[in-house]
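For the single chain, residues carry numbers from 1 onward in sequence order. The figures here come from the full heavy-atom set of this structure, side chains too, leaving out hydrogens, waters and symmetry mates.
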Amino acid sequence: MFDKESAKEALKEALENVLGESVGKLNFDMRMFEDLHMDSTTMLESLLELEEKLGFDIDPEELDMEDFLTVNAYTEFLVQSVREKEND
């Protein structure tokens, strides 16, 4: 079952691929932009990589920036997206 811990591991791998460096241990309270030094481009690249890896599709018009502010918010978004795909 795909849960928040699985999502956190997938997110860590995607971030390291996009940033080209280790991000260390991710904590759920880490802020994506301030703590991990993401910007809108790297955030989109990470989402595209996760879509491909996890097999879901997101309509860019439906994206909410609140879903990408922290590791916790991003992992919750990923879990919801994967579960919605599994229920289709």
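- The shortest distance between side-chain heavy atoms of Glu13 and Lys53 falls below 4.5 Å.
- To the nearest 0.5 Å, atom CE of residue Met38 and atom CZ of residue Arg31 are 14.5 Å apart.
- Between Leu47 and the choices Thr42, Leu63, Leu11, Val18, the side chain to side chain contact (heavy atoms under 4.5 Å, CB included) rule is met once, by Leu63.
- Note on residues 56-70: no pairs pass side chain to side chain donor-acceptor pair (under 3.5 Å), not counting sequence neighbours.
- Contact of the Leu54 side chain with the Ser81 side chain is not registered, since no non-hydrogen atoms from C-beta on lie closer than 4.5 Å.
- Note that CE of Met1 and OG of Ser6 are 9.5 Å apart. Values are rounded to the nearest 0.5 Å.
- With rounding to the nearest 0.5 angstrom, the CD atom of Glu86 is 9.0 Å from the CZ atom of Phe2.
- The distance from atom CG of Leu15 to atom CE of Met30, rounded to the nearest 0.5 Å, is 9.5 Å.
- For the pair Leu50/Leu78, a side-chain contact is recorded, criterion being any heavy-atom separation below 4.5 Å from C-beta on.
- For the residue pair Gln80 and Glu76, no side-chain donor N or O sits within less than 3.5 Å of a side-chain acceptor on the partner.
- For Phe77, the ring-ring contact (aromatic ring centres under 6.0 Å, His included) test picks out Phe68, with sequence neighbours left out.
- Listed by chain and residue number, Lys8 satisfy the salt bridge (charged side-chain N to carboxylate O under 4.0 Å, His left out) test with Glu5 (two or more places apart in sequence, or in another chain).
- Scanning both residues, Ser46 and Ala14, for their nearest heavy atoms gives O-CB, 4.2 Å.
- Grouping the Ile, Leu, Val, Met, Phe, Trp and Tyr side chains by contacts below 4.5 angstrom, directly or via other members, places Met65 apart from Leu44.
- Across all non-hydrogen atoms, the minimal contact from Asp35 to Asp29 is OD2-O, 4.4 Å.
- Within a 6.0 Å sphere centred on CD of Glu52, other residues, nucleotides and ligands contribute 12 heavy atoms or fewer.
- No continuous path of hydrophobic side-chain contacts links Leu48 to Leu36 [ILVMFWY only; heavy atoms under 4.5 Å].
- For the atom pair CE (Met32) and CE (Met43), the distance works out to 4.0 Å, reported to the nearest 0.5 Å.
- Residues passing the side-chain hydrogen bond (donor to acceptor under 3.5 Å, both in side chains) test with Glu51: none are found, sequence neighbours excluded.
- Residues meeting the side-chain hydrogen bond (donor to acceptor under 3.5 Å, both in side chains) test with Glu49, sequence neighbours left out: Asn17.
- In terms of the salt bridge (charged side-chain N to carboxylate O under 4.0 Å, His left out) criterion, Lys85 has no residue partners (sequence neighbours excluded).
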